Amino acid sequence: MLDPQLLRSDLDQVATALKKRNMVLDVDAIQQLEEKRKKIQVATEELQSLRNSKSKEIGQLKSRGEDAQAIMDEVSKIKSQLDDSTTELDSIQTQLNDIVSGIPNIPHASVPNGTTEDDNEEVRTWGEARSFDFEPKDHVDLGEALGLIDFETATKITSSRFVVMHGGIAKLHRALIQFMLDTHGEEHGYAEINVPYLVNADSCFGTGQLPKFEEDLFHIKEHGFYLIPTAEVPVTNTARDEILSNDELPKKYVCHSPCFRSEAGSYGKDTRGMIRQHQFEKVEMVQLVKPDSSYDALEDLTGHAENILKKLNLPYRVVTLCGGDLGFSAAKTYDIEVWLPGQNKYREISSCSNFEAFQARRMKARWRNPETNKPELLHTLNGSGLAVGRTLIAVMENYQDKEGNITIPEVLRPYMNNQTVISK
RNA sequence: GGAGAGGUGGCAGAGUGGUCGAAUGCACUGGUCUUGAAAACCAGCGGUCCUUUAUCGGUCCCGUGGGUUCGAAUCCCACCCUCUCCGCCA
């Protein structure tokens with residue numbers, strides 16, 4: 001949610017900034033509603049104030065045993081005016097609220113212009129794509145040849161976009177999770193946290209999945225819960241309705257969780273293999289920081305995600321998302337894309353974002369600034385560190401040999417009983 | 001799932017229709033005193049939104065949402081949550 005003060009004082013500036021997202025803000029509609037709101041809110045509060053003071057008078061008269069009928073009649077009249085006024089105010093505020101909570105975050109000044117992912121700006125590349133003296137296979141061919149990845153059975157059990165993994169691949173998957181958690185915990189200073197995978201609607205609103213993107217979520221209607229699309233939702237919402245003290249900041253959490261996405265609207269896209277699944281696992285980093293340090297934190301966080309790829313010796317590049325490709329809540333996002341020999345291209349494996357106060361305002365996540373002694377909004381950030389399924393794919397495709405065996409990256413061997421290779 | 005008890009400020013805890021946003025204690029902050037500290041004493045000490053350049057002022061908030069009333073922390077309804085016991089169960 002954007003700052004309502006900013007929307008009042010400088011709506012045109014907001015509209016201009018949002019053009020970077022190729023979004024057109026209906027400035028006139030907002031201004032008209034805002035004018036009405038102001039008029040009616042002031043009138044309503046004046047009526048409330050009048051009612052309160054008159055009612056107190058009644059109490060005083062009665063306690064002295066005097067007759068208060070005249071004032072009681074008067075307040076009755078005020079009350080009916082007040083009812084009308086309140087009803088109108090509620091309606092206007094609901095309309096305004098719906099509009100405002102549907103406005104995406106303002107892109108940071110450093111975000112490049114553009115409309116699609118083709119306009120994203122490459123920041124840096126790391127590592128060199130391995131040259132193969134044979135035709136590299138993709139993870140589907142590799143996994144099925146090994147007999148360790150099984151999409152058909154998953155389809156039988158559930159549906160498409162699910163997977164069953166066996167043996168060495170399942171272990172490799174688990175090793176990746178532990179390796180990532182340990183690295184972020186021990187080297188990057190994140191506190192490990194384990195959270196619910198079902199969350200309520202307030203939590204989804206807090207991080208921005210609701211109300212606009214309900215169709216992307218799995219919803220358990222009977223209980224009103226949602227399956228988390230990312231650990232970002234429960235982890236960031238730990239700070240909802242809280243006022244954190246200065247000395248507990250910054251807060252840095254690392255969390256492994258499954259993620260559930262309906263993938264509505266992605267029909268026909270990435271249907272082959274494990275790239276785009278309804279259920280996948282992710283190690284997520286979340287930071288809650290003071291506003292003045294959030295952009296430094298974004299660089300750090302992105303570096304932490306990159307470090308995992310470096311340790312796995314997987315080539316990647318970092319891009320800054322352009323305005324048109326930026327997520328709803330983010331002010332700035334770096335995507336990290338890993339090299340996949342099977343597809344002969346870079347594919348997203350991590351997304352690291354600074355949300356500034358956008359999520360914090362939605363969920364009232366604050367800290368007490370010792371300089372002002374007032375509660376102020378935090379800045380929130382998160383990034384994948386990394387998407388486990390896609391990392392698994394990257395390892396398989398980058399570490400394959402001619403026979404279709406997978407060499408296990410050295411950093412993962414301690415997690416796999418020092419196994420060095422996955423073979424048939 | 002069944003039965004019972006309960007949800008009040010950072011914490012504890014009073015408050016069952018009228019100057020109650022809320023006593024009191026603790027914690028915290030500032031001051032006095034002290035060489036310093038402690039103690040004691042004095043003062044301050046929730047959040048939200050609106051109006052305003054700001055102050056001042058006002059609104060709303062006693063789990064949440066409705067309702068009754070001139071007036072609700074207090075009465076009524078629904079829901080949520082916590083605790084205890086029973087049942088079921090990894």
Side-chain angles (χ1 to χ4, degrees), chain A residues 1-11 30-101 194-206 210-211 220-226 234 237-249 258 357 360-378:
Chain A
M1 198 129 69
L2 297 179
D3 183 357
Q5 306 290 350
L6 184 65
L7 289 173
R8 275 173 215 151
S9 63
D10 216 340
L11 190 56
I30 295 173
Q31 261 166 354
Q32 278 177 22
L33 270 172
E34 177 50 30
E35 258 171 58
K36 273 204 230 166
R37 189 228 98 228
K38 184 166 172 173
K39 206 175 80 194
I40 291 163
Q41 182 162 359
V42 170
T44 305
E45 291 188 3
E46 275 171 5
L47 283 169
Q48 284 173 323
S49 176
L50 191 63
R51 177 204 59 193
N52 292 345
S53 60
K54 292 278 178 190
S55 291
K56 272 184 186 166
E57 268 184 58
I58 293 169
Q60 282 164 357
L61 285 173
K62 287 205 161 180
S63 67
R64 278 187 253 123
E66 292 172 36
D67 178 48
Q69 193 54 49
I71 304 186
M72 281 169 68
D73 293 344
E74 199 184 329
V75 182
S76 278
K77 274 185 214 151
I78 294 170
K79 201 197 165 192
S80 75
Q81 285 178 52
L82 183 58
D83 283 346
D84 293 346
S85 186
T86 308
T87 306
E88 197 178 351
L89 181 62
D90 284 350
S91 141
I92 289 166
Q93 272 178 334
T94 304
Q95 289 175 58
L96 259 177
N97 230 330
D98 288 350
I99 294 173
V100 171
S101 60
N194 189 292
V195 292
Y197 304 149
L198 297 178
V199 293
N200 57 33
D202 285 345
S203 293
C204 293
F205 181 83
L210 287 182
I220 302 179
K221 295 193 178 67
E222 193 186 353
H223 295 95
F225 300 144
Y226 295 84
N237 272 280
T238 56
R240 173 151 54 86
D241 295 321
E242 300 288 335
I243 301 173
L244 303 181
S245 68
N246 183 47
D247 53 16
E248 56 188 322
L249 293 172
R361 186 173 291 106
R362 290 178 153 243
M363 63 183 149
K364 297 187 190 69
R366 294 168 293 172
W367 66 298
R368 195 172 294 277
N369 184 344
E371 282 170 32
T372 60
N373 207 32
K374 292 265 189 262
E376 295 174 15
L377 293 169
L378 288 165

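Chain letters run A, B, ... following the sequence lines, proteins first, then strands; residues in each count from 1. Keep in mind it's a predicted model, so treat the numbers as computed, not measured.
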Item to check | Nucleotide forming a Watson-Crick or wobble pair with B/A40, both distances under 3.5 Å | outcome: B/U32
Item to check | Results of salt bridge (Lys or Arg N to Asp or Glu O under 4.0 Å) for A/E66 - residues two or more places apart only | outcome: A/R64
Checklist outcome for this item: With sequence neighbours left out, the residues meeting side-chain contact (heavy atoms from CB on, under 4.5 Å) with A/K62 are A/I58, A/A68, A/M72
Item to check | Contact list for residues 362-371 of chain A, test side chain to side chain donor-acceptor pair (under 3.5 Å), sequence neighbours left out | outcome: A/N369-A/E376
Next on the checklist: Distance check, C1' atoms only: B/C20 and B/A5, in whole angstrom units.
Outcome noted: 26 Å
Checklist entry - Among all residues two or more places apart in sequence or in another chain, which pass the side-chain hydrogen bond (donor to acceptor under 3.5 Å, both in side chains) test with A/D98? => result none
Checklist outcome for this item: Taken to the nearest whole Å, CZ/A/F225 to C1'/B/C81 is 11 Å
Item to check | Residue matched to B/U64 through Watson-Crick or wobble contacts both under 3.5 angstrom | outcome: B/A78
Item to check | Separation of the C1' atoms in B/A72 and B/G4, to the nearest angstrom | outcome: 27 Å
Next on the checklist: Restricting to side-chain contact (heavy atoms from CB on, under 4.5 Å), what partner residues turn up for A/S203, sequence neighbours left out?
Outcome noted: A/V199, A/N200, A/V233, A/N237, A/R240
Item to check | Under the side-chain contact (heavy atoms from CB on, under 4.5 Å) test, residues paired with A/D90 that sit two or more places apart | outcome: A/T86
Checklist entry - P atom, B/G65 versus B/C70: distance in rounded Å? => result 23 Å
Next on the checklist: In whole Å, measure the gap between the C1' atoms of B/G25 and B/U8 for me.
Outcome noted: 15 Å
Item to check | Watson-Crick or G-U counterpart of B/A12, or none if no pair lies under 3.5 Å | outcome: B/U24
Item to check | Pairing partner (Watson-Crick or G-U wobble, both distances under 3.5 angstrom) of B/C49 | outcome: B/G58
Next on the checklist: Can you check the distance between B/U48 and B/U32, where both ends of the measurement are the P atom (answer in whole Å)?
Outcome noted: 32 Å
Checklist entry - Using purine N1 to pyrimidine N3 plus N6-O4 or O6-N4 for Watson-Crick, or N1-O2 and O6-N3 for G-U wobble, both under 3.5 Å, which nucleotide pairs with B/U69? => result none
Next on the checklist: Test of understanding: with side-chain hydrogen bond (donor to acceptor under 3.5 Å, both in side chains), list the residues that count as partners of A/E88, not counting sequence neighbours.
Outcome noted: none
Dump every N/O contact between nucleotides 14-18 of chain B and the protein below 3.5 Å, one line per pair.
residue: B/G18; atom: N2; partner: A/S55; partner atom: O; Å: 2.9

Next on the checklist: Could you measure the distance from the CG atom of A/D84 to the CG atom of A/L89? Nearest 0.5 Å is fine.
Outcome noted: 12.5 Å
Next on the checklist: In whole Å, measure the gap between the C1' atoms of B/U64 and B/G2 for me.
Outcome noted: 25 Å
Item to check | Of residues 76-86 of chain A, the positions that come close to RNA chain B - non-hydrogen atoms, cut-off under 4.0 Å | outcome: A/S76, A/K79
Item to check | Side chains of A/E45 and A/Q41, donor plus acceptor under 3.5 Å | outcome: yes
Checklist outcome for this item: side chain to side chain donor-acceptor pair (under 3.5 Å) pairs touching residues 47-61 of chain A, sequence neighbours excluded, are A/K54-A/E74
Next on the checklist: The criterion is side-chain contact (heavy atoms from CB on, under 4.5 Å); which residues satisfy it with A/E46, sequence neighbours excluded?
Outcome noted: A/V42
Item to check | Under 4.0 Å protein heavy-atom contact, by nucleotide of nucleotides 47-63 of chain B - B base, S sugar-phosphate only | outcome: SSSBSS-----BSS---
Checklist entry - Taking a pair as Watson-Crick or G-U wobble with both distances under 3.5 Å, which nucleotide is matched to B/G1? => result B/C86
Checklist entry - So which nucleotide does B/U19 pair with, by the Watson-Crick or G-U wobble rule with both distances under 3.5 Å? => result none
Next on the checklist: Whether the side chain of A/S85 engages the backbone of A/Q81 through a donor-acceptor N/O pair (distance < 3.5 Å, no angle test) should be reported.
Outcome noted: no
Checklist entry - What distance, rounded to whole Å, do you find between the two P atoms, one in B/G17 and one in B/G10? => result 27 Å
Checklist entry - On a whole-Å scale, what distance lies between the C1' atoms belonging to B/U35 and B/A27? => result 28 Å
Checklist entry - Please give, in whole Å, the distance from B/G65 P to A/N200 CG? => result 15 Å
